[in-house]
Number of protein chains: 2
Amino acid sequence: MNEQEQSTEEKILEAASEVFTEKGFAGTRTRDIAEKAGINLALLNYYFRSKEKLFEQVMKIKVVLLFGKIFPILSNEKTSLEEKIDLASEKYFEILSKNPNLPLFVISEIQKKNSNISKIIPINKIFENSIIIKQIKEKRPEINPLHYSVNFLAMTIFPFVAKPVFNAFELTNEEEYHQFISERRKLVPIWIKQLLEIKTENL
Amino acid sequence: MNEQEQSTEEKILEAASEVFTEKGFAGTRTRDIAEKAGINLALLNYYFRSKEKLFEQVMKIKVVLLFGKIFPILSNEKTSLEEKIDLASEKYFEILSKNPNLPLFVISEIQKKNSNISKIIPINKIFENSIIIKQIKEKRPEINPLHYSVNFLAMTIFPFVAKPVFNAFELTNEEEYHQFISERRKLVPIWIKQLLEIKTENL
DNA sequence: GTCTATAGGCCGATAGAC
DNA sequence: GTCTATCGGCCTATAGAC
């Protein structure tokens with residue numbers, strides 16, 4: 001499924017995905033994408049019109065990858081809150097282990113380009129109407145459910161976002177980092193469920 | 001302390017700080033820095049030699065701002081673990097409220113430039129030898145203390161890192177976001193202390 | 001120290017042959 | 001569809017006047 005089986009368009013898209021993710025939109029040269037895809041620079045513009053439009057397609061794919069698989073889990077009417085936490089955690093560690101710098105790419109490029117990405121996926125609507133939010137509200141009506149969602153995302157995603165810092169300051173080597181992540185895969189759902197048990201009356 | 005009281009060098013540095021933070025190294029044009037500083041483009045090179053060297057100075061300041069104030073708290077021999085959590089949390093929310101996109105800038109630029117930034121501050125040495133690590137190890141010897149440090153940083157920093165996502169997907173408006181942050185200022189230390197109480201035997 | 005003017009190189013995009 | 005060659009603009013950096 002690698003070599004010749006990919007169409008030219010797919011080869012460009014894959015190369016673009018890698019280079020954009022590594023260097024960001026502004027730091028990427030279309031020449032580098034063309035070289036990595038093994039095609040000519042002119043072909044890139046033939047297929048995608050411009051660097052900007054190529055980037056938009058990559059970003060769309062990345063946003064769907066980052067959020068798409070999670071929402072079905074959070075919106076399942078048949079699973080309990082605790083089961084959702086376990087399943088979402090498992091799925092996220094799986095996605096992020098394969099795509100470690102996916103979240104940093106999406107976040108930092110959204111920050112730089114304040115694009116109208118909310119038209120790709122209406123995250124807020126899906127989120128606000130999801131079953132899990134109802135379940136959290138039932139369990140902890142005194143606290144904005146967004147806190148628990150952010151806690152979950154923070155504990156799961158942050159170690160991947162901060163990986164460049166781990167490397168730069170040599171906090172872990174590559175092996176220790178993977179060990180660390182695989183420990184968190186088990187710990188995070190335990191911690192999240194525990195946080196939901198704490199009553200905090202006096203805000 | 002604004003207008004004429006700043007030296008030209010300071011004006012350039014402050015303008016550079018703002019533009020680099022907003023657009024990243026690659027997305028920044030030295031012309032924009034010069035314009036924002038109210039000086040001529042040539043002056044920028046007169047004072048700082050190159051865009052690269054100016055960036056390095058800005059980055060050094062940012063890294064110190066992000067970590068410098070925290071380490072003394074974590075290394076204090078006279079405070080308890082719980083007191084350190086309260087003080088570090090307070091200090092971080094203070095720093096990040098004033099510099100909301102500081103962490104995203106530092107992380108994403110470190111990722112792009114894999115610079116030898118560890119020479120600015122030897123974070124790993126300071127971290128490993130800090131008093132708080134000893135205190136965490138005493139309390140939870142079965143778990144790598146890095147997990148609790150990452151939990152703290154994640155729960156504190158992540159909402160600031162992810163702010164562009166909050167905005168892009170309209171999860172909160174500006175007022176709701178500030179309300180959300182001020183709630184976390186109280187909740188995060190409570191949660192962190194609670195996480196330290198959980199025994200997790202079976203890893 | 002501060003300015004204007006410009007050199008010099010890089011990069012995105014396209015024209016045009018095959 | 002795919003290539004080579006090149007245009008035109010932008011951006012960093014510097015030369016040189018004041």
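All chains are named by letter (A, B, ...) in the order of the sequence lines, taking the proteins before the strands, and each is independently numbered beginning at 1. Only heavy atoms go into these numbers, but all of them, side chains included; no hydrogens, no water, no symmetry mates.
- Residues passing the salt bridge (Lys or Arg N to Asp or Glu O under 4.0 Å) test with A:Arg140, sequence neighbours excluded: A:Glu142.
- Ion pairing of B:Glu94 with B:Lys98 is present here, as a side-chain N (NZ or NE/NH1/NH2) and a carboxylate O approach within less than 4.0 Å.
- There is a side-chain donor-acceptor pair under 3.5 Å between A:Asn151 and B:Arg184.
- Taking the ring axis of A:Phe93 as reference, the NZ or CZ atom of A:Lys186 does not stay both within 45° of it and closer than 6.0 Å to the ring centre.
- Here the side chain of A:Ser17 pairs no donor or acceptor atom with the backbone of A:Leu13 at under 3.5 angstrom.
- Whole-Å rounding puts the A:Arg29 CZ to D:dG9 P distance at 21 Å.
- The pair A:Lys139-A:Glu197 counts as a salt bridge, with a side-chain nitrogen and a carboxylate oxygen less than 4.0 angstrom apart.
- Considering only side-chain atoms of B:Ile39, the nucleotide from D:dT2, D:dC11, C:dC3 that sits closest is C:dC3.
- Between the C1' atom of C:dT2 and the CD atom of B:Glu9 lies a distance of 15 Å, rounded to the nearest Å.
- Taking atom CG on A:Asp32 and atom C1' on C:dC11, their separation rounds to 11 Å, with Å as the unit.
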Query raised in the report: Reading nucleotides 13-18 of chain D from the 5' end, what letters show protein touch, with B for base, S for backbone sugar-phosphate only, - for no heavy atom under 4.0 Å?
Result: BBB---

